[in-house]
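Everything below concerns the one structure shown next.
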Protein chains: 2
Amino acid sequence: MEKREEILENALELFCDRGYDAVGVQEIAERAGVTKPTLYYYFKSKYGLLQELLERGCAPFLERLEQATAYEGDLRGTLCACARAFMDFAKRSPRFYDLLFSLFHYPRESEPYRCARPYVLRQQQLIRNIFEAAAAQLGNMRGRQRQFGLGFCGLVHYFIEMKFEEGREENLCVSDEEIYSLVHQFMHGIYS
Amino acid sequence: MEKREEILENALELFCDRGYDAVGVQEIAERAGVTKPTLYYYFKSKYGLLQELLERGCAPFLERLEQATAYEGDLRGTLCACARAFMDFAKRSPRFYDLLFSLFHYPRESEPYRCARPYVLRQQQLIRNIFEAAAAQLGNMRGRQRQFGLGFCGLVHYFIEMKFEEGREENLCVSDEEIYSLVHQFMHGIYS
DNA sequence: CCTATTATATACCGTTCGGTATATAGCGTC
DNA sequence: GACGCTATATACCGAACGGTATATAATAGG
């Protein structure tokens, strides 16, 4: 039962470092201290391994993000809560965060993309829902909910990547002021 | 001599559709109507093929971008010219544009990333140079030249991706007004 | 204690991978 | 017309790929 976790951990590391296609199941198994049939016993294929890896890593975050998107009239506050959810996610599992978005940038016809796509799309959908909900009160977005949703996701993702590059781990601590500033910048851009 | 071009074209299509690792040289050669040794005669390895593909696709764009980055006191105009260069690049070679940035999002230790990296970094460097040059006159950027450069590249790239998704080809025509608006939004964000 | 289930390994499958040794066809040039 | 160069194909290499048939330890339940 513990071998299972070890396989997942090593797969994450290797996929993250060198890419899904470039890593063989052999190497994953070896690094986890097991043999190939053990890996195929737990996950029925290489793709199944990737699926479970993503499901495990995304599920808790998506739950939290769903809570954060509850809109009750305070757009700024809602966006701040979501940005915070993203930052915490990236801080807790930086390797996984890297992997997820790396896979999402694979070609559209590739296995890794198809696997990561639903999770990233779900994130985008949740963020978009905020603007859908806010559209009732704010009359000035004229069907641009999708654009705003994608824009916000893009901005947050870009912010996190910048933080990743600057300092490897310590800088991932993002203050409430930074988040507030980021959201403010986004909204200011929208309304101007 | 014409086979050479055909190999490059088919490699672009396949790498773009399914990813560098997932495509074998066999398939590239077949689709180009040649056999493997012919491919290896022109490009000495699969990696060499990728290198030439990127060099061919990037060189003209980088030259044009370098001209566009010439800063002579008009930051807004310079940024507009650069944005225009990016848009034209993406419009002329949408598949190549896709491939280049797909490769750039591969894992840092992977061959495809190492191959695409210098070209994307060169773009970022050129854009950054604008802010370096402008820093002399504009006193308020306090070493944030790099951040601004990356931010501008990210914004333009994001804008292009959005256009790609909306309408596949027709919407790639970007008006001067749209570009001006994009740059204005960027600068406004900076100064506020 | 026997049995069924879970968890693991040995040894192997056919296929495809990137890459090459070698032969040869066309084709100007001396 | 022999020579040398460019461009192509046939046939092959060892290695690694994803995946599996089968045997066996360990363990829990009756």
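Because only heavy atoms are used, hydrogens play no part in the values below, and waters and symmetry mates are left out as well, while side chains stay in. Convention: sequence-line order gives letters A, B, ...; per-chain numbering from 1.
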From CD of Glu6(A) over to C1' of dT8(C), roughly how many Å is that when rounded to an integer? 14 Å
On the 0 to 90° scale, with breaks at 30° and 60°, tag the Tyr97(B)-Phe164(B) ring pair as parallel, tilted or perpendicular. tilted
Specify the separation, in whole Å, of atom CG of Leu49(A) and atom P of dG19(D). 10 Å
Other residues, nucleotides and ligands only: do more than 12 of their heavy atoms fall within 6.0 Å of CZ on Arg64(A)? yes
Protein-nucleotide distance (Glu30(B), atom CD; dA9(D), atom P), rounded to Å: 12 Å
Is a salt bridge present between Arg31(A) and Glu9(A), judged by a nitrogen-to-oxygen distance below 4.0 Å? no
Across nucleotides 13-26 of chain C, 5' to 3', mark each nucleotide with B, S or - according to how protein heavy atoms within less than 4.0 Å reach it. ----SBBBB-----
Please output the side-chain donor-acceptor pairs of residues 12-24 of chain A that fall under 3.5 Å, not counting sequence neighbours, one pair per line with the distance.
unit_1, atom_1, unit_2, atom_2, d
Glu13(A), OE1, Arg95(A), NH2, 3.2
Glu13(A), OE2, Arg95(A), NE, 3.4
Asp17(A), OD1, Arg95(A), NH1, 3.4
Asp17(A), OD1, Arg95(A), NH2, 2.8
Asp17(A), OD2, Arg95(A), NH2, 3.3
Arg18(A), NH1, Glu27(A), OE2, 3.2
Arg18(A), NH2, Glu27(A), OE1, 2.7
Tyr20(A), OH, Tyr47(A), N, 3.3
Tyr20(A), OH, Glu111(A), OE1, 3.4

Degree of bending, the helix from dC1(C)-dG30(D) to dC30(C)-dG1(D) (end axes from five pairs; round to 10°): 10°
Between Tyr41(B) and dT8(D), is there a contact of a side-chain N or O with OP1 or OP2 at under 4.0 Å? no
Under 3.5 Å, which donor-acceptor pairs do the side chains of residues 77-85 of chain A form with other protein atoms, sequence neighbours left out?
unit_1, atom_1, unit_2, atom_2, d
Thr78(A), OG1, Asp74(A), O, 2.7
Arg84(A), NH1, Val174(A), O, 3.1
Arg84(A), NH2, Val174(A), O, 2.9
Arg84(A), NH2, Asp176(A), OD1, 2.6

For a quick test of reading the model: is some side-chain N or O of Tyr42(A) closer than 4.0 Å to OP1 or OP2 of dT8(C)? yes
Between Tyr106(A) and Tyr106(B), does the ring centre distance come in under 6.0 Å? yes
Look at Thr38(A) and dT8(C) and indicate whether a side-chain polar atom (N or O) is within less than 4.0 Å of OP1 or OP2. no
Qualifying salt bridge (charged side-chain N to carboxylate O under 4.0 Å, His left out) pairs, either residue in residues 35-49 of chain A, two or more places apart: none
Under the side-chain contact (heavy atoms from CB on, under 4.5 Å) test, which residues partner Ala116(B), sequence neighbours left out? Leu54(B), Leu100(B), Leu103(B)
